[in-house]
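Please read these numbers as outputs of a predicted model, since none were measured by experiment. Atoms within a ligand are numbered from 1 in the order they appear, just like the ligands themselves.
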Amino acid sequence: MIDQEKVKQAVRLLLEGIGEDPDREGLQETPDRIARMYEEIYGGLEENPEVHLQKAFHAEDNEMVVEKDIHFYSTCEHHLLPFFGKAHVAYIPDGKVVGLSKLARTVDVYARRPQIQEQLTGQIADALMKYLRPKGVMVLIEAEHLCMSMRGIKKPGSKTVTVVKRGDFLEKQELVQTFYAMLGR
Ligand code: ZN
């Protein structure tokens, strides 16, 4: 559970730390607003993707399932600034598939935490391997990081791309090519 009181105190201190007056009219409600917002954007910390992935159903002869353009918002754990973009998830079923929305829910479980993109990509792939037990998984994420756009090297629009492969995708290059083709790459 998110400790709302702690978050409120911290935001107040933060505002003081940057030289603001937390009691001025525009900021009075800010600690409370942020504490409530964190319930949502960090709510993934209390979730396990197993609840979404355990309801699999039987399906034969599926070569590959691809859910692309899953939009997500996450928070970079180094700066607590947003990074956001699209996740593309593919798996090779081994007789079992899940509802397509469950793939998006799995992305959300891990996106709604302090994150780094590389880890997010790997956690999605590993959760699918663990709970769905397919023959292989591949996840590609492309995202813009506000810590790159609005500070530091200030390169707005630049995308970070991360790829993780598990199982058959590691051995069979043609599967990787099929996935890229389905993404239009
Ligand atoms: Zn960052």
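- Inclusion of Cys147 in the first shell of the Zn ion (ligand 1) is supported: an N, O or S atom falls under 2.8 Å.
- A salt bridge links Lys8 to Glu5: at least one charged side-chain nitrogen sits closer than 4.0 Å to a carboxylate oxygen.
- Using a 4.5 Å cut-off on side-chain heavy atoms (C-beta onward), Gln115 and Gln123 make contact.
- In terms of distance to the Zn ion (ligand 1), the nearest N, O or S atom of His79 is named ND1.
- Judged purely by atom type and a 3.5 angstrom limit, Arg185 has no side-chain atom pairing as donor or acceptor with the backbone of Tyr180.
- Screening Thr160, Leu146, Leu120 against Phe83 for a side chain to side chain contact (heavy atoms under 4.5 Å, CB included) leaves a single residue, Leu120.
- Between the Zn ion (ligand 1) and His78 there is no N/O/S contact shorter than 2.8 Å.
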